[in-house]
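Report on one structure; see the data block that follows.
Each residue takes its place number in the sequence, starting with 1.
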Amino acid sequence: MHTIRVWDLPTRIFHWALAGCVIGLVITANVGGNWMDWHGRLGYTVLSLLFFRIVWGFIGGHWSRFATFVRGPSTVLTYLRGQAHPLHRVGHNPAGALSVLALLTILLLQVATGLFADDEIAFTGPLVGLVSGDTVSQATKYHKSIGKLLMLLLVSLHVLAILFYKWVKKDNLVRPMVLGDKQIDVQAPSAADTPASRLMALAVWALCSVAVYFIVTLGQHGGA
């Protein structure tokens, strides 16, 4: 057995920060009232995290890069038939990669529509003033119904998949996402997880946060 670093610290922090923010978003949306201010702040945080993950998918640790785990349909089918390449079981497997991409896409769309949403009670998205009333209505409808249901469905499937791998396939996917390392029976490269790479990740997230700040303030400038 070989012990390798699968998930670098930035990827792990992203994962758990995103999970915490999504839980917070669901709670604040259901409570409503003054908590909608926090709903907005959490939404901005999620947007910065999503921007970070997209960038980190190109420059991050080996197993966090899209090029490492995003595969074509034939590879996914081969994996589902039980003929997976040993390395496909190290990080995100070919089927799990689809779940990751779906989650990132749905969350990005959910946050994006939130920027243009207006419930006419406790929350008005910062970019409402930049679009027509019809666009605001459609964005609000999607954000509060379809998008919310899709997000909850994908998160639920994600959790069920983790439980399936733990109980049926005896593969604990949570432990490596907490500790970073995983024991495997084949030779595989470890993800770079050095002080320099962690500092670079922090800089990337800071830039992503600045980008979100400017996006949010576009509404203020547009309405001025």
Side-chain angles (χ1 to χ4, degrees), residues 10-11 13-60 64 66 70 97-159 201-224:
T11 298
I13 292 177
F14 158 81
H15 180 276
W16 296 113
L18 184 65
C21 285
V22 169
I23 293 172
L25 284 171
V26 173
I27 293 175
T28 52
N30 287 321
V31 174
N34 293 332
W35 284 100
M36 291 304 294
D37 290 336
W38 279 103
H39 186 77
R41 295 182 187 113
L42 288 170
Y44 305 150
T45 303
V46 167
L47 186 56
S48 71
L49 289 171
L50 293 174
F51 283 168
F52 165 80
R53 187 61 184 92
I54 292 172
V55 175
W56 203 241
F58 293 97
I59 66 173
S64 299
F66 297 130
V70 176
L98 298 180
S99 175
V100 171
L101 295 179
L103 269 173
L104 292 177
T105 301
I106 291 301
L107 285 174
L108 189 59
L109 186 56
Q110 184 68 358
V111 175
T113 53
L115 296 175
F116 298 94
D118 183 2
D119 66 3
E120 300 181 348
I121 300 175
F123 182 79
T124 300
L127 304 185
V128 164
L130 300 180
V131 296
S132 66
D134 184 57
T135 299
V136 171
S137 178
Q138 292 179 13
T140 304
K141 182 178 180 180
Y142 176 88
H143 187 81
K144 296 179 66 175
S145 56
I146 300 173
K148 181 179 179 180
L149 289 176
L150 285 175
M151 181 186 71
L152 293 175
L153 176 62
L154 286 176
V155 169
S156 299
L157 290 175
H158 185 69
V159 173
L202 182 60
V204 169
W205 180 69
L207 290 174
C208 291
S209 299
V210 171
V212 171
Y213 172 80
F214 279 109
I215 290 174
V216 171
T217 56
L218 281 176
Q220 298 175 1
H221 298 312

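In this structure, CG in L153 is found 9.5 Å from CD1 in I106, a value given to the nearest 0.5 Å. With rounding to the nearest 0.5 Å, the separation of CZ in F116 from OG1 in T113 is 9.5 Å. Atom CD of Q110 and atom CG of L149 lie 9.5 Å apart (nearest 0.5 Å). Of the inter-residue distances, the one linking T105 atom OG1 with L150 atom CG reads 11.5 Å to the nearest 0.5 angstrom. Here Y142 contributes atom OH and L109 contributes atom CG; the two are 3.5 Å apart, rounded to the nearest 0.5 Å.
Take Y213 and apply the ring-ring contact (aromatic ring centres under 6.0 Å, His included) test, not counting sequence neighbours, and it matches no residue. W205 pairs by the side-chain hydrogen bond (donor to acceptor under 3.5 Å, both in side chains) definition with S48, not counting sequence neighbours. Scored by the ring-ring contact (aromatic ring centres under 6.0 Å, His included) test, F52 finds W56 as partners (sequence neighbours excluded).
Minimum heavy-atom separation, T140 to A117: OG1-CA, 3.3 Å. Minimum interatomic distance between F14 and L104 (heavy atoms only, all atoms of both residues): CZ-CD2, 4.2 Å. Taking each heavy atom of V216 and L127 in turn, the nearest pair found is O-CD2, 4.1 Å.
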In residues 36-47, what donor-acceptor pairs under 3.5 Å come from side-chain atoms, sequence neighbours left out?
from	atom 1	to	atom 2	distance (Å)
H39	ND1	L25	O	3.1
H39	ND1	T28	OG1	3.0
T45	OG1	R41	O	3.0

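Screening residues 145-158 for side chain to side chain donor-acceptor pair (under 3.5 Å), with sequence neighbours left out, gives N30-K148. Sorted by first and then second residue, the pairs that involve residues 114-123 and meet side chain to side chain donor-acceptor pair (under 3.5 Å), not counting sequence neighbours, are D118-T124.
Considering only heavy atoms from C-beta on, L107 comes within 4.5 Å of L18 through its side chain. H15 places none of its side-chain heavy atoms less than 4.5 Å from the side chain of T11.
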